[in-house]
Amino acid sequence: MRCALVLLLVLLQSACAYSKVGSDEWWFNRMQRDHRAQCNQLPPQVKAQCLERQNGSYEDYLKQQKARQQDSN
């Protein structure tokens, strides 16, 4: 019984920790993962720069989008 409860709590926590499939954040994270995989196939001298550009979070992306919208108004 105790093991089942622990398993249930772990599953609930992991479900809450990830973005919902199909959400904007989920697509952003998927795009970032795919881009990192492409960066890893580059020569070492270019790979580091490529990976560095992929360090931003979804929240950073939203802030940049908001700033761009304000600049265009």
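Within a 6.0 Å sphere centred on CD of Q65, heavy atoms belonging to other residues, nucleotides or ligands number more than 12.
In this structure, L51 stands alone, with no Ile, Leu, Val, Met, Phe, Trp or Tyr side-chain heavy atom under 4.5 Å from its own, directly or through other members.
Annotation: the span from D60 atom CG to F28 atom CZ amounts to 7.5 Å, rounded to 0.5 Å. Distance check, rounded to the nearest 0.5 Å: CD of Q54 to CZ of R36 gives 6.5 Å. Rounded to the nearest 0.5 Å, atoms SG (C39) and CZ (R53) are 6.5 Å apart.
Side-chain contact between C50 and H35 is present, with at least one heavy-atom pair separated by less than 4.5 Å.
No donor-acceptor distance shorter than 3.5 angstrom exists from the side chain of Q64 to the backbone of E59, with no hydrogens or angles considered.
Among all heavy-atom pairs drawn from N40 and K47, the shortest one is OD1-CE, 3.0 Å.
W26 and Y58 sit in two unconnected hydrophobic clusters of ILVMFWY residues. Membership requires side-chain heavy atoms under 4.5 Å apart, directly or through other members. Y61 and M31 end up in the same hydrophobic cluster when Ile, Leu, Val, Met, Phe, Trp and Tyr side chains are linked at under 4.5 Å.
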